Amino acid sequence: MNNFDRVDFNQIFRERTKSFSIAIIKTLSSLPFSDDISIIRKQIIRSATSVAANYRAVSRARSEKEKFAKMCIVVEEIDETQLWLEIIEELQYLNPEKILHLKSECEELVKVMTTYKFKLSQI
């Protein structure tokens with residue numbers, strides 16, 4: 001993979017993680033106020049935006065160790081986001097159509113980020 005391909009990959013996933021966090025914010029902001037929903041909304045927005053912020057930091061890392069450390073955070077945060085989506089689904093806070101797209105994108109991001117983390121660990 002040459003540097004041009006790497007830049008494209010990084011840019012694509014910088015945009016995807018940012019778009020994913022925006023979709024989470026927009027979707028959950030439509031939910032009514034209640035104590036339980038507020039806690040879940042705060043947690044999932046925090047984890048989803050952390051994915052985007054830390055993935056951005058991966059592409060700006062000053063060393064391979066720093067890149068790997070940030071990627072570990074990305075994987076942890078996307079996994080947490082996946083947990084919150086499962087909880088929201090099981091509690092039926094959103095209709096299935098709304099959550100399906102979020103869960104699908106989250107699952108893809110989990111797979112990609114986990115694979116990328118593994119590749120970085122081999123360097």
Side-chain angles (χ1 to χ4, degrees):
M1 179 183 287
N2 62 38
N3 283 340
F4 182 72
D5 292 334
R6 185 178 320 245
V7 169
D8 285 348
F9 175 85
N10 284 331
Q11 188 59 38
I12 288 166
F13 281 93
R14 282 174 67 150
E15 287 301 316
R16 275 183 74 174
T17 56
K18 182 172 78 172
S19 295
F20 177 69
S21 63
I22 290 169
I24 292 280
I25 293 166
K26 286 182 175 181
T27 302
L28 293 216
S29 64
S30 68
L31 293 176
F33 176 81
S34 72
D35 289 341
D36 55 338
I37 291 173
S38 293
I39 291 166
I40 292 169
R41 179 177 18 232
K42 182 178 179 180
Q43 289 297 116
I44 193 171
I45 288 172
R46 183 177 291 156
S47 64
T49 55
S50 179
V51 170
N54 280 291
Y55 187 79
R56 237 178 134 90
V58 166
S59 63
R60 301 223 188 273
R62 295 166 290 203
S63 68
E64 291 302 316
K65 280 186 175 184
E66 184 179 359
K67 184 180 281 192
F68 181 73
K70 290 293 181 184
M71 201 63 216
C72 289
I73 295 169
V74 169
V75 169
E76 183 179 325
E77 295 293 336
I78 196 65
D79 184 61
E80 181 180 338
T81 303
Q82 191 172 40
L83 168 71
W84 290 118
L85 286 171
E86 291 167 5
I87 290 171
I88 290 166
E89 181 180 44
E90 289 179 28
L91 292 171
Q92 299 176 345
Y93 286 155
L94 292 170
N95 68 42
E97 297 84 38
K98 281 189 175 183
I99 201 149
L100 183 63
H101 174 70
L102 294 174
K103 282 185 65 186
S104 175
E105 179 65 359
C106 190
E107 181 63 32
E108 284 186 35
L109 290 172
V110 166
K111 289 176 183 175
V112 169
M113 299 306 166
T114 302
T115 301
Y116 189 25
K117 176 186 163 190
F118 177 76
K119 286 183 180 184
L120 288 174
S121 74
Q122 302 302 303
I123 295 176

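What you see is a predicted model, and the numbers here were worked out from it, not measured in a lab.
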For residues [X] and [Y], report the shortest heavy-atom separation together with the two atoms involved.
| X | Y | value |
| --- | --- | --- |
| K98 | S30 | NZ-OG, 3.9 Å |
| A48 | T81 | N-OG1, 3.3 Å |
| L85 | F20 | CD1-CZ, 4.2 Å |
| P32 | R41 | O-NH2, 3.7 Å |

Taking the side chain as every heavy atom from C-beta outward, state whether [X] and [Y] have any pair of such atoms under 4.5 Å apart.
| X | Y | value |
| --- | --- | --- |
| L94 | L28 | yes |
| T27 | H101 | no |
| I87 | W84 | yes |
| I25 | T49 | yes |
| F13 | V112 | yes |
| I37 | F33 | no |

Validation row, ring centre F9 to ring centre Y116 under 6.0 Å: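 Centroid distance F9-Y116: below 6.0 Å, so yes.
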Value rounded to 0.5 Å, distance of CD in E64 from CD1 in I123: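 Here the rounded value is 4.5 Å.
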R46 and E80 ion-paired at < 4.0 Å: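 No, R46 and E80 are not salt-bridged.
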Main-chain N/O of K111 paired with T114 side-chain donor or acceptor, under 3.5 Å: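 No: the side chain of T114 does not pair with the backbone of K111.
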R14 side chain to S59 backbone, donor-acceptor under 3.5 Å: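 Looks like no, no N/O pair under 3.5 Å.
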From CA spacing to verdict: side chain to side chain contact (heavy atoms under 4.5 Å, CB included), D36, L91: CA-CA 11 Å; D36 55 338; L91 292 171; 5.6 Å; no
Within one Ile-Leu-Val-Met-Phe-Trp-Tyr cluster: L120 and I12, side-chain cutoff 4.5 Å: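 Yes: a chain of side-chain contacts under 4.5 Å links L120 to I12.
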More than 12 heavy atoms from other groups under 6.0 Å of CZ on R16: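 It does: R16 CZ has more than 12 such atoms within range.
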